[in-house]
Amino acid sequence: MKTKSRLLKIVGYLVLFAIGVLFGKTLLKPQPADTVPMPTTMKYRSVGATNDSLTVTDQNTFSGNIIQIKDGESIQEAVLKANPGDLLRVYPGTYSETVYIDKDNISIQGVIIDGVWPTLDGKKALNDAILYSGNGITVENLKIIEYKGNGIMGQAGNNFIIRNNWIVDTGVYGIFPQYGKNGLISHNILTEIEDAAIYVGMCDNVDVKFNEVYGNVAGIEIENSRHCLVESNLAYNNTGGILAFLTPGLPIKTVFDVIIRNNFISGNNHENFGAPGSIVSGIPPGTGILVMAADDVIIEDNIISNNDNAGITIVDLPTGAPTANDPNSEPNPDRVVILDNFMIENGNNPVGDIKALMLSQLKTKGPDILAMGGGVGSTIRDKNRYRTFGLEHYGPAQITDTKDVTTLMFDKPVAPRSVSKEELGELTYYGVCAGCHAFDTRLIGVPTKLIQAIYKDNPQGIVDYINAPRNLRDDYPEMPPQNYLSDEAKIAVAEYILSLKN
Amino acid sequence: MSKKSTILKWVIPVILMSTLLIILVAAIKVPHTQYVPQLNCDCPPGFKLNDKNECIAQNLYMAYSTNNDPGVGGLKTALPKVRDGFSPQQIDLGRYLFFDPILSGDGTISCASCHDPKKGFSDGLATSIGFKGHQLKRSAPSLWNVAYFKLFFWDGRANSLEEQMQGPLFSKEEMGNTPEKLLKTINSLNNYKHLFAEAFPNKVKEAPISLNDIYTAITAFEASLISLNSKYDRYAHGYHQALNKQEIEGMNIFRSFVARCAECHTPPLFTNQQIAVLGTPEPNGLALDPGAEIPFNDSTLRGGFKVPSLRNIEKTAPYMHSGNFATLKETVQFYTDGRGHAVPKDENLRIHWHIWEPKLTDYELDRLVDFLKTLTDESFMPKVPKVLPSNQAAFINNQNQESIK
């Protein structure tokens with residue numbers, strides 16, 4: 001009896017406790033809304049930041065609507081509906097899709113809740129996670145995994161911001177802006193990429209800052225690009241840490257003005273798993289920094305350690321890349337400047353050419369800094385502190401630092417070229433309409449002169465006809481609708497037609 | 001009275017005689033105007049006439065930024081520098097010359113024999129047929145948008161259209177003519193003398209037609225062949241309904257870094273105008289074509305060819321430099337069959353790094369073909385002249401030739 005009541009008592013306490021816990025959990029649970037503050041602006045990252053390239057965030061203020069995308073929905077559907085200026089907020093969930101953005105000023109922002117990221121999962125079947133061609137694109141806070149081609153690829157989009165993305169095994173490249181001007185790539189983490197994790201290709205004025213790249217064939221690659229600042233990145237356990245490359249056979253033939261500064265470049269000894277035939281597949285494991293045929297590269301204040309082949313390798317094209325020659329690509333690295341760098345324990349286990357080269361010098365260790373092939377005007381500060389090979393022709397550096405350079409981006413976005421209404425009308429008339437209409441002769445359509453007579457002072461009438469032609473004449477074929485022209489182009493060409501003199 | 005009658009006596013016959021003379025002269029002139037109309041004084045579509053009587057290219061791509069080097073990818077990107085500024089008369093004269101078989105050694109082949117407007121300015125053959133049925137080694141490239149090109153011939157051995165056309169004109173295997181014979185023929189035709197005088201008004205009167213005049217006129221015509229109003233272009237300019245779902249899928253495969261098509265076939269021209277070593281197979285066990293190795297005298301370019309534009313590609317089958325692939329599907333299939341899979345065993349080509357193993361699915365290959373077909377636009381097709389200044393039948397193409405035989 002007594003034991004029974006004691007048991008009951010205990011059970012009762014337990015039940016009460018459980019109820020209490022339940023109450024506590026439901027009543028005191030933090031509301032999810034609190035963890036997902038609506039952004040008042042896109043500027044949050046620049047809070048407390050120095051007056052450097054991160055002020056680029058001032059450029060992309062979202063001015064349109066906020067579109068929310070929840071698990072089970074499609075980011076692409078939202079992009080198709082979005083207008084320039086809109087902010088797409090992607091909530092935690094798995095999104096298996098390729099998102100292409102052929103519009104300007106679209107921001108995609110992941111919302112991370114309780115450590116759970118919105119994840120784009122290519123399942124090793126999809127090609128690219130994000131492809132953009134528009135200007136002013138921002139992509140941030142996304143986890144991107146298992147694509148075949150790219151995590152994020154840009155084609156000719158200017159003023160881009162790619163930051164805070166976590167990219168794992170997305171195929172050939174992780175982040176790859178191509179033909180873009182004025183961009184920021186910051187605070188991304190990338191791994192397991194079979195070529196370059198961050199690949200700035202044929203771009204201008206790009207800052208690559210505060211990224212972590214590890215376990216890739218190449219960590220960060222600046223290729224055929226001008227005015228790039230690679231600063232404060234952590235590159236470790238890649239085959240090659242940070243690269244400045246000229247690749248021959250591309251339509252843009254130069255790479256120059258690259259600053260590689262304040263980076264940690266350590267233990268880049270990963271086995272090379274690049275695709276056969278790719279240029280990076282020739283990079284020997286143990287490469288810290290590799291400069292191939294790039295000009296005016298400044299290497300400053302980096303910590304370069306434990307890269308088993310060589311800390312810094314500087315080569316010309318014939319030495320570095322077994323590709324077809326390009327008579328228009330100058331193959332030598334010229335005017336490379338090596339300033340103060342902290343270099344220890346590099347070259348502990350050289351491979352291939354460098355191993356043979358060092359053995360010929362009766363040495364078993366690779367150098368801190370190695371230069372091979374052509375090139376003129378290169379300099380180095382305090383050469384004696386490093387173990388070097390092939391730097392006999394390097395003179396003393398003429399500068400001590402680059403502290404005056406805070407960014408190589410522009411302080412204002414690159415403006416899209418705007419054409420006047422008259423110009424747009426003229427381009428449309430001669431570029432499109434002239435296929436069927438001439439001023440006073442009959443082609444396929446009626447002479448422009450006749451259109452002028454019918455629609456005198458009535459450009460809107462022409463616009464209406466362009467949108468939905470009605471066959472008004474038996475002696476002419478029906479005009480196909482030209483409604484694909486933008487609204488601006490339609491009214492501009494209508495006014496242009498009415499103003500034509502001959 | 002007598003004075004009056006004498007005046008009448010003189011005036012009437014003079015008036016009668018001069019009327020007769022005028023009629024006679026007009027009658028003599030008639031054959032000219034009958035055979036060849038005056039040269040067109042309007043620019044072809046896609047060009048605007050300026051006050052210097054020059055045709056200036058006009059298209060919607062001119063509305064875009066040139067901050068990036070023009071012609072290198074992306075949708076709203078400017079085109080490279082264009083070859084324009086020819087007069088409408090030069091362009092029209094070039095049109096006559098282009099279709100005129102008197103340009104060839106025996107008067108049987110015109111430029112249009114291998115660059116047939118109906119076949120995308122190519123000839124539908126794997127490799128072209130030249131002078132007296134000579135079997136040539138390469139296929140005839142399309143001429144659409146050549147105004148924007150910097151390199152000519154499959155192996156990139158010419159840097160201008162003027163330089164290029166001298167190849168076929170004076171090759172024993174192609175048009176079989178010589179500069180001397182061409183000048184003699186052209187200068188013997190009064191119609192052409194008149195037309196050249198009209199197209200080159202600043203020349204000394206009675207000066208003979210020169211080779212440079214001929215080159216300029218044909219260049220003017222070829223550079224007027226503009227194709228920039230395809231379905232794809234409508235999409236690129238912002239009308240996203242221009243392409244259907246499958247075509248957009250194809251476009252995304254085309255520009256993805258898996259297929260990598262857009263890396264060399266960069267919009268808006270769909271060529272980056274570089275030499276690339278692909279390692280494509282030759283038809284029927286033909287020997288490997290060394291391509292750019294010969295003109296550039298560089299063994300690393302062995303098997304290298306100019307990246308062709310893909311505009312109007314639907315019209316120019318078969319494909320590749322020697323036409324080994326009959327369809328677009330076979331052509332895109334080549335790129336996914338593995339790096340160097342068709343290279344002869346004894347060759348060590350420096351295959352382009354973008355040739356790899358993208359492992360595209362059959363579905364993806366079909367979508368790529370869908371997309372390639374959106375690059376078709378022949379809205380600015382020039383007219384084939386009905387009558388030529390040489391009084392020859394306009395333009396003999398291969399089919400006609402065969403039927404003549």
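The sequence lines fix the lettering, A, B, ..., with proteins before strands; numbering per chain opens at 1.
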With a 4.5 angstrom heavy-atom cut-off, could you sort out which part of [X] is near chain B: side chain, backbone, both or neither?
| X | result |
| --- | --- |
| Phe439(A) | neither |
| Asn483(A) | both |
| Pro276(A) | backbone |
| Val432(A) | both |
| Gln76(A) | neither |
| Glu426(A) | both |
| Thr441(A) | side chain |
| Tyr173(A) | side chain |
| Ala438(A) | neither |
| Ile444(A) | neither |
| Ser486(A) | neither |

If you count heavy-atom pairs within less than 4.5 Å of chain A, which of His240(B), Glu249(B), Lys383(B), Lys359(B) leads?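 Ranked by heavy-atom pairs under 4.5 Å with chain A, first place is His240(B).
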Counting heavy-atom pairs closer than 4.5 Å to chain A, which one of Asp42(B), Asp233(B), Ile248(B) comes out on top? Ile248(B)
Look only at the side chain of [X] and the backbone of [Y], and say whether a donor-acceptor pair between them is shorter than 3.5 Å.
| X | Y | answer |
| --- | --- | --- |
| Gln155(A) | Arg255(B) | yes |
| Lys148(A) | Leu360(B) | no |
| Ser256(B) | Asp128(A) | no |
| Asn229(B) | Gly431(A) | yes |

Taking all non-hydrogen atoms of both residues into account, name the closest pair between [X] and [Y] and its distance.
| X | Y | result |
| --- | --- | --- |
| Gly74(B) | Ala156(A) | CA-CB, 3.7 Å |
| Gly435(A) | Phe380(B) | CA-CE2, 3.3 Å |
| Ala434(A) | Gly46(B) | CB-N, 4.1 Å |
| Leu427(A) | Ala63(B) | CD1-N, 3.8 Å |

Taking side chain as everything from C-beta outward and backbone as N, CA, C, O, which of these in [X] sits under 4.5 Å from a heavy atom of chain A? Side chain, backbone, both or neither.
| X | result |
| --- | --- |
| Gln274(B) | side chain |
| Ile275(B) | neither |
| Met381(B) | neither |
| Asn252(B) | both |

Below 4.5 Å, heavy atoms only, C-beta onward: do [X] and [Y] meet side chain to side chain?
| X | Y | value |
| --- | --- | --- |
| Met62(B) | Glu423(A) | no |
| Gln482(A) | Arg234(B) | yes |
| Tyr484(A) | His237(B) | no |
| Thr266(B) | Tyr179(A) | yes |

Report the distance from atom [atom1] of [X] to atom [atom2] of [Y], rounding to the nearest 0.5 Å.
| X | Y | atom1 | atom2 | result |
| --- | --- | --- | --- | --- |
| Phe257(B) | Leu131(A) | CZ | CG | 11.5 Å |
| Asn325(A) | Glu293(B) | CG | CD | 11.5 Å |
| Met251(B) | Tyr100(A) | CE | OH | 6.5 Å |

At a heavy-atom distance under 4.5 Å, which candidate from [options] has the highest pair count against chain B?
| options | result |
| --- | --- |
| Ile279(A), Asp102(A), Leu80(A) | Asp102(A) |
| Gly249(A), Ser281(A), Ser278(A), Cys433(A) | Gly249(A) |
| Thr98(A), Leu250(A), Leu424(A) | Leu250(A) |

So that I know where these two stand, are Tyr430(A) and Phe47(B) an aromatic pair - ring centroids less than 6.0 Å apart?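 No, the ring centres sit 6.0 Å or more apart.
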Hey, can you pull the donor-acceptor pairs under 3.5 Å for the side chains in residues 347-358 of chain B, sequence neighbours left out?
| unit_1 | atom_1 | unit_2 | atom_2 | d |
| --- | --- | --- | --- | --- |
| Glu347(B) | OE1 | Arg302(B) | NE | 2.8 |
| Glu347(B) | OE2 | Arg302(B) | NH2 | 2.9 |
| Arg350(B) | NH1 | Thr323(A) | O | 2.9 |
| His352(B) | ND1 | His354(B) | N | 3.1 |
| Trp356(B) | NE1 | Val258(B) | O | 2.9 |

Take atom NZ of Lys253(A) as the centre, draw a 6.0 Å sphere, and report whether it contains more than 12 heavy atoms from other residues, nucleotides or ligands.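 Above 12, so yes.
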